[in-house]
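Please read the structure below before turning to the comments.
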Amino acid sequence: MTRAYDPHSIEEKWQAVWESEGLYSVSEDASRPKKYVLEMFPYPSGDIHMGHVRNYSIGDVIARFSTMRGMNVLHPIGWDAFGLPAENAAIKSNTHPATWTYANIDKQAASFKRMGFSYDWDRTVKSCDVDYYRWGQWIFLKFWERGLVERKSSPVNWCPSCATVLANEQVIGEGVCWRCKSVVTKRELEQWYFKITEYAQELLDDLDALPGWPERVKTMQANWIGRSEGAEVDFALCDEAGEPTDTTITVFTTRPDTLFGCTFFLLAPEHPLVHELTHGTVYAADVQKVVAAAARETAVERASGEAEKLGAFTGRYVVNPVNGEKVPVWVSNYVLMEYGTGAVMAVPCGDQRDFEFARMYGLPIPPVVVAEDDPLLEQVREARERVLADVPWAEAYDGPGVMVQSGEFTGMPGGKASTGMRAVTEWLEARGQGRFSINFRLRDWLISRQRYWGNPIPAVHCPACGLLPVPEDQLPVVLPMDVDITKGETLADHPEFYETTCPKCGGAARRETDTMDTFTCSSWYYFRYCDARNSDALFGRDAADYWMPVDQYIGGIEHAILHLLYSRFFTKVFADMGLTSAREPFTNLLTQGMVKKDGETMSKSKGNVVAPEDMIARYGADALRAFILFMAPPDKDLDWNQDGLEGMFRFLGRLWRYVAELAEGPDGANAASDGASALPDEAAKALVRERHRVVGKVTDDVEHFGFNTALSAMMELLNAAGEYRRAASPELRDLALEREVAEVLTLLIAPYAPHMAEELWRNVLGHATSVHREPWPTWDPAQAAADEVEVVVQVNGKVRGRVVVPADASEDVLREAALAEPHVREHTEGRTVRKMVVVPGKLVNVVVG
RNA sequence: GCCCGGGUGGCGGAAUUGGCAGACGCGUCGGUCUCAAAAACCGAUGGCCGAAAGGCCGUGCGGGUUCGAUCCCCGCCCCGGGCACCA
């Protein structure tokens, strides 16, 4: 009696065997091509959820498949273990964040092991281990040496719920915190930054070097970096009497060709000159109203562009360098201090915001770039001086056109990146009043956090020597464990930590008490995996050169900017430091979709969480892994459905029975009998064809992440095997062929259902070594091809019949066969055949009139 | 508002990108086995008309190109995501 498929009796058994055999431990091996397969660094929240199951199952299939294809595969796992949830949980449950974190890591690692993922656990890292984070501090010091660390005061994003600052990338959607979704506010604070903007151009340019990334992700990064080409223009500031001074205010503009249409000038409410220019004047009160209103605006209102435009005249003027005109300086909330210089030349005819502002405050709107098809052009085409002070338009025009009322530039083409734009900039450059310039939307990365559970920033504030790095030989700065987190203490409340001596003068000094953004920990972990136990260096050059870059990275789309941009930045700096030859960390990126329930994201608060553990308990890890991959293509969102899991369990059971019954043989006889005596009948030929076709299809599908269709193809092969068994007479069954199909199916399913495949391979089919070390089955396209094909015959585009012809039938043979088909004849009877379209091997279309 | 995705049976999804729409699975219905049930196995399953043969309709909607369109083009509608006062 054949043993039934029982995942519970085999899964944990094989997990233990694999571990003791060291099946997934790898080392550098020059004789095989390497492949580095990596899933995004998990935060150890303790519970694994379906998103994890999906993410790590995708990676595991790719890793196991690659091994079977002959590659030396690095597939590591570790824990992104610093972060706020640990602190919040600790406060709530009166434990230490470390206790909570390490317990969660153990729990989650056990769940991952229970899923049967093929990780090299010897390389595991935990970012809260001092052996790990000391290298984060070392990186900080190296960045500092290279001038990539800066401490400066500026308006920053503050999350009131997390009680800490956030980097720009970490404010998402309508101005909310990426982690807790609270509305973020602005505060002026002195903070630590990594100067990622130094790499803005390279981060943008090298997106082109990533053909293996989704277009969507690259577009999002390009938009985030936000490169604009234009010019800086210097405007001389006039004194209170209206006389030009030597002080200039510089603006950035993408449209220097519209400079002749500049009729006012704007400063951001936060601009330092605002107070200086208006203090003690009659304009101060009105200006203050705008400044105060802007300060009250939430990030949401400000970012949405829906806030009402407010403005106030400062009483001062600047001189337009192209025509010497004095234009009034206003303050307005629609000018952002963070972008460009915080000052703007307003050209109302060419910019919708300036247009609206001008209409609101009665400022003139002279046209300077007019579209070719605009009737207004005839009125002003030849005018070099301003003859028309206001446009009859309902809105601004920012497209290409002809420059008018623009002095010597009149008649030139204007618009973005136009000859007029270049001519005006060159004119300014020749006079020292402007220059070509490129502006990025990307801001420097704010990395300091006012929280405890993170990597301490290795710096010292000395009253005598100023700000100093902790010397390299004094690393690591160990995070003290005796902080009372339940009282809300941070390092700043901990004198034993912050009281120190200056590394330079030896006097009393204060240690920096901010910790680093957790995104710094996840920006280099993939390098550490290459050489995880190295105690002398972040990683050895040889190990990194062998493994890096990551060949296949898998994770959620939510990191399209955040983690993926930071990691690209770190890798580029590492390359410039000579640590690695990789300039990009992740060659191929797969962004997997979300796992939902009834169209909604699973969450405890909604009470719709499906626990993977419950599913494993019922159907085993193999069915769960295979099913989540079968449900949908990996990059699409999917809606959880338990009935389908049941179906996958049934398929595995069918496959099990097929292999097991065959191995035991009919009536207990050994199935490995000589099948050569059996006649190669049509049924056997069909099964051989299917075997080759399916191996080819599964191979191709996995390479393109078509896990769902790969599984369908395996089901088709099993169905074909069943049909063969029923069709072939018992005495003529080709048992050798059936045995081959059974082995092929076991090999094909191995990456998806590794435990079942292993049990079948070793204990049922009787092989001595692991299925996961077997070479991937080969296939012969010639044997996959049928010698006869069914060709569809259409009459006027409608299918009217089918004919079976040799696969290599000529067009003439096809024509003849098509016209002879009885049903086709009915439809062509008495009508003229005007044309016949023949697609060999596929279709014939008879066009009749 | 702008930029990407996407819309296919009762459901998840296929269709080698211009060549049999609906593979595979779920669900449903019918059958075999059984005292019965479960499991397993077999069969049917887009809609409408028809006893059947067969016919008509059908990939969000409306046009177009083509011998032929889920696929390409034009114009809409809906869903999801990203960006959004960036000068």
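Here is how names work: the chains are called A, B, and so on, in the same order as the sequence lines, proteins then strands, and each is numbered from 1. Computed from a predicted structure; not experimentally measured.
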>> Measuring only the P atom in each nucleotide, how far is B:G25 from B:G6? A whole number of Å is fine.
In response: 26 Å
>> So if I take every side-chain heavy atom of A:Phe630 and compare against B:C85, B:C24, B:G13, which nucleotide ends up nearest?
In response: B:C24
> Counting side-chain heavy atoms from C-beta on, which of B:G27, B:C24, B:A87 comes nearest to A:Arg650?
Replying inline: B:G27
> Between B:C42 atom C1' and A:Arg725 atom CZ, what is the distance in whole Å?
Replying inline: 15 Å
>> Which nucleotide, if any, forms a Watson-Crick or G-U wobble pair with B:A84, using both distances under 3.5 Å?
In response: none
> Checking all strands, does A:Lys697 fall into the base, sugar-phosphate, or nothing category for heavy-atom contacts under 4.0 angstrom?
Replying inline: nothing
> Using a cut-off of 4.0 Å between protein heavy atoms and nucleotide atoms, how would you tag nucleotides 17-22 of chain B 5' to 3' with B, S and -?
Replying inline: --BB--
> Any ion pair linking A:Lys697 and A:Asp700 (charged N to carboxylate O, less than 4.0 Å)?
Replying inline: no
>> I'd like to know if A:Arg435 and A:Asp234 make a salt bridge, using a cut-off of under 4.0 Å between side-chain N and carboxylate O.
In response: yes
> So does A:Lys218 get a side-chain nitrogen or oxygen closer than 4.0 Å to the phosphate oxygens (OP1/OP2) of B:C3?
Replying inline: no
> Rounding to the closest angstrom, what is the interatomic distance between B:G64 and B:G9 at atom P?
Replying inline: 24 Å
> Are A:His827 and B:G55 close enough that a side-chain N or O sits under 4.0 Å from OP1 or OP2?
Replying inline: yes
>> Before you tell me yes or no, could you show the steps for A:Phe630 and A:Phe651 under ring pair (Phe, Tyr, Trp, His ring centres under 6.0 Å), namely the whole-Å CA-CA distance, both residues' side-chain angles and the distance that decides it to 0.1 Å?
In response: CA-CA 12 Å; A:Phe630 180 67; A:Phe651 165 66; 8.2 Å; no
> Are any of A:Arg693's side-chain N or O atoms less than 4.0 Å away from OP1 or OP2 of B:U16?
Replying inline: no
> For A:Glu558 and B:G80, what is the distance between atoms CD and P respectively, to the nearest whole Å?
Replying inline: 19 Å
>> Looking only at the side chains, is there a donor atom on one of A:Trp445 and A:Glu169 sitting less than 3.5 Å from an acceptor on the other?
In response: no
> Now, which nucleotide makes the Watson-Crick or G-U wobble pair with B:U59, with each of the two distances under 3.5 Å?
Replying inline: none
>> What's the gap between B:A14 and B:C4 when it is taken at their P atoms, as a whole Å value?
In response: 23 Å
>> Measure CZ/A:Arg216 against C1'/B:G5 and give the value in whole Å, please.
In response: 7 Å
> B:C42 phosphate, OP1 or OP2: any side-chain N/O from A:Arg726 under 4.0 angstrom?
Replying inline: yes
> Expressed as a whole number of Å, how far does the P atom of B:U16 sit from that of B:C11?
Replying inline: 23 Å
> Does A:Arg726 pair with A:Glu723 as a salt bridge, N-O distance under 4.0 Å?
Replying inline: no
> In whole Å, what is the span from the NZ atom of A:Lys636 to the P atom of B:C11?
Replying inline: 14 Å
> In whole Å, what separates the C1' atom of B:U66 from that of B:C72?
Replying inline: 10 Å
> With side chains defined as the heavy atoms from C-beta onward, is the minimum distance between A:Trp779 and A:His692 less than 4.5 Å?
Replying inline: yes
> Taking CG from A:Leu718 and C1' from B:G25, how many angstroms apart are they, rounded to a whole number?
Replying inline: 13 Å
> Between A:Pro633 and A:Ala343, which has a closest nucleotide on RNA chain B that is more 5'?
Replying inline: A:Pro633
> So does A:Asn223 get a side-chain nitrogen or oxygen closer than 4.0 Å to the phosphate oxygens (OP1/OP2) of B:C86?
Replying inline: no
> When the ring planes of A:Trp330 and A:Tyr361 are compared, do they come out parallel, tilted or perpendicular, using 30° and 60° as the limits?
Replying inline: tilted
> Within less than 4.0 Å of OP1 or OP2 of B:A53, is there a side-chain N or O belonging to A:Arg800?
Replying inline: no
> In residues 706-717 of chain A, which ones come under 4.0 Å of RNA chain B, going by heavy atoms?
Replying inline: A:Asn708, A:Thr709, A:Ser712, A:Met715, A:Glu716
> Using purine N1 to pyrimidine N3 plus N6-O4 or O6-N4 for Watson-Crick, or N1-O2 and O6-N3 for G-U wobble, both under 3.5 Å, which nucleotide pairs with B:G5?
Replying inline: B:C79
> Is it true that A:Phe627 and A:Tyr619 have ring centroids separated by less than 6.0 Å?
Replying inline: no
>> So A:Met756 and A:Leu655, do their side chains get closer than 4.5 Å, heavy atoms only?
In response: yes
>> Quick check: on RNA chain B, is the nucleotide nearest A:Val847 upstream (toward 5') of the one nearest A:Arg654, or the reverse? Name the residue that is more 5'.
In response: A:Arg654
> Taking a pair as Watson-Crick or G-U wobble with both distances under 3.5 Å, which nucleotide is matched to B:C72?
Replying inline: B:G64
> Looking across every strand, which nucleic acid part, if any, lies under 4.0 Å from A:Gly647 by heavy atom: base, sugar-phosphate, or nothing?
Replying inline: sugar-phosphate
> In this structure, are over 12 heavy atoms from other groups packed under 6.0 Å from A:Arg359 atom CZ?
Replying inline: yes
> Under 6.0 Å between ring centres, would you say that holds for A:Trp656 and A:Phe649?
Replying inline: no
> Taking the P atom of each, how far is B:G10 from B:G60, in whole Å?
Replying inline: 14 Å
> Could you state the CZ-C1' distance from A:Arg255 to B:A87, rounded to the nearest angstrom?
Replying inline: 11 Å
> Looking at side-chain heavy atoms only, is the closest gap between A:Leu662 and A:Arg725 below 4.5 Å?
Replying inline: yes
>> Distance check, P atoms only: B:C29 and B:G62, in whole angstrom units.
In response: 35 Å
> How would you label the contact of A:Thr219 with the nucleic acid (heavy atoms, under 4.0 Å): base, sugar-phosphate, or nothing?
Replying inline: nothing
> Taking atom P of B:A15 as reference, at what distance in whole Å does atom NE2 of A:His704 sit?
Replying inline: 12 Å
>> Syn or anti for B:U66? Use the chi torsion, O4'-C1'-N9-C4 for purines and O4'-C1'-N1-C2 for pyrimidines, with syn inside 90° of 0.
In response: anti
>> Need the glycosidic conformation of B:G30: syn if within 90° of 0, anti if not. Which one?
In response: anti
>> With rounding to the closest Å, how many angstrom separate the P atoms on B:C71 and B:U59?
In response: 9 Å
> Contact class for A:Asn719 vs. all strands (heavy atom < 4.0 Å): base, sugar-phosphate, or nothing?
Replying inline: sugar-phosphate
